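Excluded from the calculations below are hydrogen atoms, water molecules and symmetry mates; all remaining heavy atoms, backbone and side chain alike, are included. No experiment lies behind these values; they were computed from the predicted model shown. Just so it is clear: chains get the letters A, B, ... in the order the sequence lines come, proteins before strands, and each one is counted from 1.
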Amino acid sequence: MSEEIVSNLKQAVIEGDEEKVSGYAQKAIEIGYDLPEALENGLAEGITEVGNRWIREEVFLTEVLLSAKAMETGLKILQREMEKAGKVRETLGKIVLGTMKGDIHNLGKNIVAALLKAAGFEVHDIGVDVPVERFVQTVEEVEPDVLGLSSLMTITIPEQRQIIEALTRVGIRERVKVIVGGAPVTGEWAEEIGADGYGRDAISAVKLVKELLGV
Amino acid sequence: MRIEFLSKKEMGEIHSAAKDLIAKRGMKVTSEQCRMVFDRAGAEVEHEKQIVRISEALVEESLKAVDRKSAHIIYARSPKFDVRLGDSLYAYPGEGGTYVIDLESGQRRQPLVRDVVNFARLCDALPNVHTVIANTVPVDAHPKFRGLYMAKALFENTSKPCNPGGLIKGTERYFYEMAAAVVGGREELKKRPIVRGSASLSRMSQVCEALNLGLPIELDLFRCDDAMASAGGTSPVTLAGTLVNGVARCLTQITLAQTIKPGTPMRSLVRAGILDLKTGTFSTGSPEMGMLAAAGAQIFKKFYGLPVDAGWAGGDSKIMDEQLGYEKMIVWLLSGLAGADQISGMSLLESGLTASYAQLVIDDEIIGIVKRVLKGIIFDEEHLALELLKKIEPGGLFTGERHTLKYVREEHFQPKITDRRPRGVWEERGSKDVIIRANEAAREMLKKHMPEPLPESTRRELNEIIKRAEKDYAKHPETFEVPSESIGWV
């Protein structure tokens with residue numbers, strides 16, 4: 001049974017079956033399985049696989065969302081247990097994510113958040129329709145390694161530039177890497193506004209963050 | 001010629017379901033001012049959650065209050081171009097292109113004010129563009145005054161009804177002054193409000209502001225809209241569920257407008273589509289978009305008796321190709337067949353991101369074809385032609401008959417850019433595809449077509465109004481603000 005735990009967790013995440021994921025996570029705890037191992041090779045592997053299938057256009061967005069939800073449920077169960085045992089999962093870095101003011105799209109951002117969490121990052125999702133000042137304030141308070149700006153509409157991408165300018169103005173631009181994403185965003189745009197990187201999709205966003213932080 | 005996707009019973013069920021949703025689950029109303037209006041009308045309001053629950057009785061009462069007559073006329077600066085919705089299918093370009101395909105180079109670039117001018121002139125020349133809207137957002141005009149420059153470009157270059165868009169708060173009054181100058185004064189503008197009907201309720205606080213605070217007289221007509229409900233995204237994946245969602249939103253907007261001012265004329269805007277769940281994009285050329293537009297047209301026109309603007313074909317294709325052609329055709333044909341009064345998206349591709357001169361000419365042809373289909377098969381003695389059939393010997397030709405000449409123009413669609421020539425002739429003429437032919441036609445029209453000019457004094461007046469707006473801004477910049485309210489699709 002114990003060898004199967006990892007592959008079962010991975011499969012349940014791929015199937016987006018929240019109940020199965022929590023069942024296997026509980027099981028892993030009961031039998032005293034290596035929890036970091038279950039997390040990395042079970043949950044994280046599963047969601048990465050779904051992310052890759054999404055990029056290959058083999059699955060629907062719905063499946064990605066269901067898998068992300070299942071993964072997060074498992075993640076919570078395992079992390080709670082690990083904390084109890086004083087074995088906190090070492091985070092790879094702190095990320096703040098949010099969608100521009102005037103934009104209430106959150107699907108893309110949520111997928112990026114789920115994949116980053118699975119990969120071992122601490123994610124602070126500050127939601128949608130977020131004004132410039134709140135981004136700046138959050139960067140000051142949370143002190144993230146990376147700030148991710150999501151924008152799904154052409155009319156809201158200018159906000160990304162304003163956020164970068166505001167960070168510069170208050171003198172904290174150098175403290176954080178800024179990455180941008182969303183349908184109307186291009187690599188050209190990222191360069192133009194002085195962002196540190198641009199992710200075309202959720203998988204490449206995770207890769208980008210890892211590269212930027214050298215982890 | 002009409003098609004029906006929904007039976008009367010099904011439309012009734014959608015109506016009941018939408019009312020049920022509004023009364024029990026409630027609707028999200030982000031504007032506090034609007035929630036206060038609902039509150040005063042006796043709706044159940046949860047300010048913290050921004051939720052409003054409206055009784056079925058209030059919704060029904062509001063539906064009864066709508067002025068259904070005066071919403072049908074769209075005034076033009078030339079009365080001969082006035083549009084009377086209800087008797088035919090009318091088309092217009094789509095708004096908001098952030099790129100344009102250059103007429104000369106064929107390259108995709110940022111639009112300029114001269115593109116707004118040229119598109120307006122081309123729209124003026126094309127027979128199947130009935131109302132004109134600025135289909136690009138020019139980058140060489142100051143964002144604060146962009147709307148005024150767009151209005152000037154439209155007023156000067158087309159005598160068809162036009163709606164420039166792009167206005168920001170603080171510039172509306174200059175815009176109304178410009179409109180008044182065009183029709184010959186404020187009094188005349190009251191009689192012929194050439195700029196009414198521009199306010200869509202997708203920003204619900206707009207209606208509160210306009211009706212509550214008494215914005216200029218011209219803003220007395222509103223559109224309810226389905227907020228581009230996306231099947232699988234902001235609404236159920238099923239088309240029926242998406243219709244309920246869109247109708248619920250429209251009924252909420254109708255209730256809002258009628259509660260503030262009973263008898264406010266209204267039109268409806270249907271732009272529901274699907275979220276492509278493989279790519280995560282809102283499709284503007286799917287067969288389902290055509291079906292939703294058709295069903296929406298049926299519901300709003302037949303069930304609610306409102307003029308319907310349905311069938312926005314922005315196309316998903318990034319270039320002018322076969323994909324763009326079939327995307328546009330399916331959306332427009334289905335909308336037209338279901339009885340939509342207006343369809344739009346002409347000149348656009350790439351989900352409305354890019355505007356193209358050649359595509360505007362191609363779309364004029366597509367709409368010509370759709371309008372031909374709508375005319376249907378005319379059935380009377382002359383059209384049945386039994387007498388003529390008896391006159392011509394079996395197997396004989398009808399080509400040289402008077403009857404043929406008499407009816408050929410109305411019975412057969414007369415293509416302009418479609419090529420039906422034999423291969424040899426087509427090759428002799430340069431083996432050109434439809435995009436090249438449309439592009440040439442666009443250039444030719446821009447060279448030759450002269451819109452009915454505005455009097456010199458009016459043109460001067462328009463310039464002076466814009467200059468005054470710029471001066472006022474320099475003095476009091478705080479009165480000009482770009483709206484900060486969320487205008488997302490959801």
Among residues at least two apart in sequence or on other chains, which ones pass side chain to side chain donor-acceptor pair (under 3.5 Å) with B:Arg53? B:Glu44, B:Glu46
Quick check: are there more than 12 heavy atoms from other residues, nucleotides or ligands sitting under 6.0 Å from CD of A:Gln26? yes
Residues which pass side chain to side chain donor-acceptor pair (under 3.5 Å) with A:Thr186, listed by chain and number, not counting sequence neighbours: none
Listed by chain and number, what are the side-chain contact (heavy atoms from CB on, under 4.5 Å) partners of A:Glu133, not counting sequence neighbours? A:Pro131
Which residues from residues 55-69 of chain A are near chain B, with near meaning under 4.5 Å between non-hydrogen atoms? A:Glu57, A:Glu58, A:Val59, A:Phe60, A:Leu61, A:Thr62
Do other residues, nucleotides or ligands put more than 12 heavy atoms under 6.0 Å from A:Glu192 CD? yes
Is B:Arg25 atom CZ crowded by more than 12 heavy atoms from other residues, nucleotides or ligands, each under 6.0 Å away? yes
What part of B:Thr281 lies closer than 4.5 angstrom to a heavy atom of chain A: side chain, backbone, both or neither? neither
